[in-house]
Amino acid sequence: MGCHCRPDRSFHLRGRPFPICARCTGILCGFLAAGVGIWLGTPGLIPLLLLMVPMIVDGTIQRLAKRESNNPRRFITGILWGYAAMTLLLLSLVLTYRLGRSLGGQLLQG
């Protein structure tokens with residue numbers, strides 16, 4: 001999946017690290033939340049893009065300032081990113097499907 005799988009950046013269960021880091025765990029949880037949340041309604045494009053900002057900021061600060069983030073922060077920013085990314089993907093698939101049906105219908109009628 002592209003995860004670095006570092007034990008010091010992973011949650012632990014019974015003394016054993018998860019197979020993916022805290023941020024990737026959050027991203028996967030965000031993916032699942034988006035799958036459920038899409039049926040309840042979705043925020044607009046700007047709010048979804050804003051949900052991605054905290055992970056970008058946290059990762060950038062960690063890289064440039066050499067300040068180590070912590071697992072709870074990584075998990076939360078991962079959830080926000082995962083939710084926004086998956087919601088954007090699902091919305092784009094729905095819109096593409098609708099556009100394809102609309103254009104296909106016009107071609108069949110014309």
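Note that the numbering runs from 1 along the sequence shown for the chain.
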Students should find that the hydrophobic cluster of Leu13, defined by side-chain heavy atoms under 4.5 Å apart, otherwise consists of Phe11, Phe18, Phe75, Ile79

List, one per line, each side-chain donor-acceptor pair under 3.5 Å for residues 89-104, sequence neighbours excluded.
residue: Ser92; atom: OG; partner: Leu88; partner atom: O; Å: 3.3
residue: Ser92; atom: OG; partner: Leu89; partner atom: O; Å: 2.7
residue: Thr96; atom: OG1; partner: Ser92; partner atom: O; Å: 2.7

In short, side-chain hydrogen bond (donor to acceptor under 3.5 Å, both in side chains) pairs touching residues 7-19 with sequence neighbours left out are Arg6-Asp8, Arg9-Glu68

Applying salt bridge (charged side-chain N to carboxylate O under 4.0 Å, His left out) to Arg73 and not counting sequence neighbours gives none

Sorted by chain and residue number, the salt bridge (charged side-chain N to carboxylate O under 4.0 Å, His left out) partners of Arg67 (sequence neighbours excluded) come out as Asp58

Atom pairs and distances, side-chain donor-acceptor, residues 31-57, under 3.5 Å, sequence neighbours left out:
residue: Trp39; atom: NE1; partner: Gly35; partner atom: O; Å: 3.3

Residues pairing under salt bridge (charged side-chain N to carboxylate O under 4.0 Å, His left out) where one sits in residues 28-44, two or more places apart or in two chains, turn out to be none

CD1 of Ile20 to NE2 of His4, rounded to nearest 0.5 Å, is 10.5 Å

